[in-house]
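Values reported hereafter were calculated over all heavy atoms of this structure, with side chains retained and with hydrogens, waters and symmetry mates removed.
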Amino acid sequence: MKQAMNFRDPHRVNRLIKCIQAKAAPVAERLGRPLQIMEVCGGHTHAIVNTGLNQLLPSSIELIHGPGCPVCVLPTHAIDQAVALAEYSNHILVSFGDPLRVPGSQHSLLDAKAKGAQINTIYSPLDALKLAKSYPNKTIVFFAIGFDTTIPSTACTLQMALQQGISNFRVLCHHICLIPVLMTLLKQQEIQLDGFLGPGHVSMVIGVQAYKPIVQKYHKPLVIAGFEPVDILHALYKLVQQFSTQKYAVQNAYSHVVSATGNQPAQQAINEVFISGVDAKWRGLGLVPISGLSIRPQYRSLDATLLLEKKYCTKQESDPTYCKKVLTGSLKPQHCPWFGNKCTPHHPQSGLMVSSEGACAAFYSSSTKAKQG
Amino acid sequence: MCLGIPAKVISILDKENGTALVETGGVRREACVSLLSLQGKSINNLIGEWVLLHVGFAMAIIDQQEALDTLALIASLDGIDANND
Ligand code: SF4
């Protein structure tokens with residue numbers, strides 16, 4: 001697309017940074033500290049660190065990398081469940097590539113695969129459905145993870161499986177929703193947050209209006225942003241404008257993709273297949289109220305948790321405390337004592353170091369690039 | 001893994017199941033378009049449109065005019081001509 005190029009234009013980037021600086025400096029002076037803005041989405045973290053935007057921004061703004069990478073917050077027990085299901089001889093576990101290296105309490109999925117478990121990586125849940133049709137004698141278990149962006153695709157796939165009577169397909173659902181975790185973060189007194197850069201692709205599903213309760217309740221501005229440098233800076237500009245007028249609202253700086261009410265057919269598919277508002281565990285953050293989903297009774301025959309032995313349903317989490325601090329913005333990834341030594345992308349201690357959208361992995365890859373360059 | 005990528009709809013493969021052939025970065029693949037809101041229009045209207053593709057599902061139609069408007073707005077804000085590249 002021609003426009004995509006325009007959203008990277010260096011002149012525009014530089015001018016926007018100057019505009020941001022002009023507005024942010026007096027606000028930071030008034031506060032006596034830099035503005036703390038959380039980019040919620042891992043896609044933003046990746047884009048910001050990779051393009052070096054974080055180094056170009058004025059000192060009046062500090063970006064906090066939020067918990068918005070589903071691989072980073074995937075709890076240990078989810079991995080343990082997936083590993084257990086993969087180890088059955090007549091099962092094939094299918095997963096997106098990212099979760100494979102996330103450590104479980106004993107093994108990662110990659111370890112299980114090396115030991116002979118059948119684990120296939122896929123690009124789309126539709127591939128899982130195709131696999132189920134090709135192997136009628138095997139049970140195909142799809143490890144469904146991801147935020148609101150990914151939930152509709154799982155919902156739609158479950159609808160297709162039921163309609164088409166594909167009885168050897170199961171879903172291990174570890175989907176989570178973003179808004180409840182923002183609410184949880186805002187309730188925690190120790191976290192200093194002034195506003196949010198809203199996630200572009202989650203928002204295309206849930207819509208702009210979904211954030212209104214956050215702004216109304218906590219009086220923090222949120223601006224939805226796309227993923228090109230100009231998109232991100234434009235959203236930051238709108239945020240600092242709000243800080244300077246001290247009038248806070250939800251704004252949409254990604255209106256070519258995100259609408260006020262979001263994707264309605266996708267929301268309907270989610271409601272039809274899932275019960276929302278279930279408490280869910282997040283790696284590093286613990287229990288986040290009403291952030292999870294469970295499969296509705298009509299789709300019970302496709303629910304993989306029913307294949308699990310009880311012991312896999314109640315596992316304790318054992319994560320380094322550093323990860324929690326990074327997830328909530330109170331520790332910078334590169335300041336974690338394990339960063340780059342005990343914890344690297346090859347030997348990750350947590351999902352934060354696994355996914356390219358995880359803050360630790362993003363900083364690790366940019367620091368090694370800088371060393372090589 | 002939450003990122004969507006822009007893709008152009010080339011043709012409709014199966015109207016009933018809502019599948020289409022889409023192209024992204026020169027690569028063509030099958031995608032599900034059944035989650036898009038067509039607002040009463042025929043699925044054939046999608047041909048030639050840009051969509052945002054996520055794990056094989058088109059999740060939003062990209063509004064070209066809105067994209068251009070955003071750029072024009074930014075240009076007016078920073079005083080640069082939006083067409084200077
Ligand atoms: S470097 Fe590793 S241990 Fe430290 S916070 Fe990041 S993921 Fe956790």
For [X], which atoms come within 4.5 Å of any heavy atom of chain B: side chain, backbone, both, or neither?
X        : result
A/Tyr123 : both
A/Val205 : side chain
A/Ala266 : both

Non-hydrogen side-chain atoms of A/Pro125 and B/Val55 separated by less than 4.5 Å
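Of all side-chain heavy-atom pairs linking B/Val55 with A/Pro125, at least one is under 4.5 Å.
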
Would you check, one step at a time, whether the test side chain to side chain contact (heavy atoms under 4.5 Å, CB included) holds for A/Thr150 with B/Phe57?
CA-CA 9 Å; A/Thr150 322; B/Phe57 288 74; over 6 Å; no

Please round to the nearest 0.5 Å and tell me the distance separating atom CD1 of B/Ile62 and atom OH of A/Tyr254.
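Output value for this atom pair is 6.5 Å.
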
With rounding to the nearest 0.5 angstrom, report the CG to CG distance, A/Asn263 to B/Leu52.
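Interatomic distance, A/Asn263 CG to B/Leu52 CG, rounded to 0.5 Å: 11.0 Å.
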
Please give me the minimum heavy-atom distance between B/Met59 and A/Pro152, naming the atom from each residue.
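The pair with the smallest heavy-atom distance is CE-CG, 3.7 Å.
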
Taking all non-hydrogen atoms of both residues, which atom of B/Glu66 and which atom of A/Ser255 are closest, and how far apart?
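So the two residues come closest at OE1-OG, 2.7 Å.
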
Tabulate, in ascending numerical order, the residues of residues 8-15 of chain B having at least one heavy atom closer than 4.5 Å to a heavy atom of chain A, or enter 'none'.
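No residue falls under the 4.5 Å cut-off.
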
Can you name the residues of residues 28-41 of chain B that have some heavy atom under 4.5 Å away from a heavy atom in chain A?
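The residues closer than 4.5 Å to chain A, in numerical order, are B/Arg29, B/Glu30, B/Cys32, B/Ser34, B/Leu35, B/Leu36, B/Ser37.
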
